[in-house]
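Step one of this worksheet: look at the structure below.
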Amino acid sequence: MVTYVRASPPRLHFNLLVPELPCGLVYRSMKAIKGVLLICDPAVKQILLMMNEKRSFIIEDLDDHHLVIKADEEFTVRKDLEAELEKNTYSLEN
């Protein structure tokens with residue numbers, strides 16, 4: 001963000017000016033979110049999309065095999081996904 005500071009002489013008065021774009025729009029501050037790129041097959045991606053409805057962790061859905069998720073949610077997403085995949089796995093028990 002570009003910020004200009006202007007001082008008027010008799011007293012020190014500071015105005016923060018935000019420059020305008022040519023079309024008349026004003027610059028806005030942007031918020032950066034730290035993310036992690038997940039590469040998965042479409043079936044796992046559908047499970048992740050269903051999990052995202054309960055707790056929002058997906059930043060961007062890029063294509064059939066790629067998702068960007070919040071970095072601070074990575075561990076819990078991996079743990080929950082592993083548990084979900086374990087429910088759908090057949091195992092031989094004696």
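Computed from a prediction, not measured in an experiment: that's the story for all the values here.
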Atom pair OG1 (Thr76) and CG (Leu81), whose distance is rounded to the nearest 0.5 Å | 11.0 Å

Measure the spacing between CD1 of Ile58 and CG of Leu38 and express it to the nearest 0.5 Å.
-> 8.5 Å

Does anything in residues 68-77 pair up under salt bridge (Lys or Arg N to Asp or Glu O under 4.0 Å), and if so which pairs, sequence neighbours excluded?
-> Arg55-Glu73, Glu74-Arg78

Side chain proximity check, Val77 to Val36, heavy atoms < 4.5 angstrom = no

For Lys31, what residues pass the salt bridge (Lys or Arg N to Asp or Glu O under 4.0 Å) criterion, not counting sequence neighbours?
-> none

In the single-linkage hydrophobic clustering (I, L, V, M, F, W, Y; side-chain heavy atoms under 4.5 Å), do Leu37 and Met51 co-cluster?
-> no

Donor-acceptor pairs under 3.5 angstrom involving side-chain atoms of residues 39-49: please list them, not counting sequence neighbours.
unit_1 : atom_1 : unit_2 : atom_2 : d
Asp41  : OD1    : Val44  : N      : 3.1
Lys45  : NZ     : Asp61  : OD1    : 2.5
Lys45  : NZ     : Asp61  : OD2    : 3.4
Lys45  : NZ     : Asp63  : O      : 2.5

Residues Lys79, Glu82: salt bridge by 4.0 Å N-O rule = no

Euclidean distance, Ile69 CD1 relative to Ile33 CD1, rounded to 0.5 Å | 12.5 Å

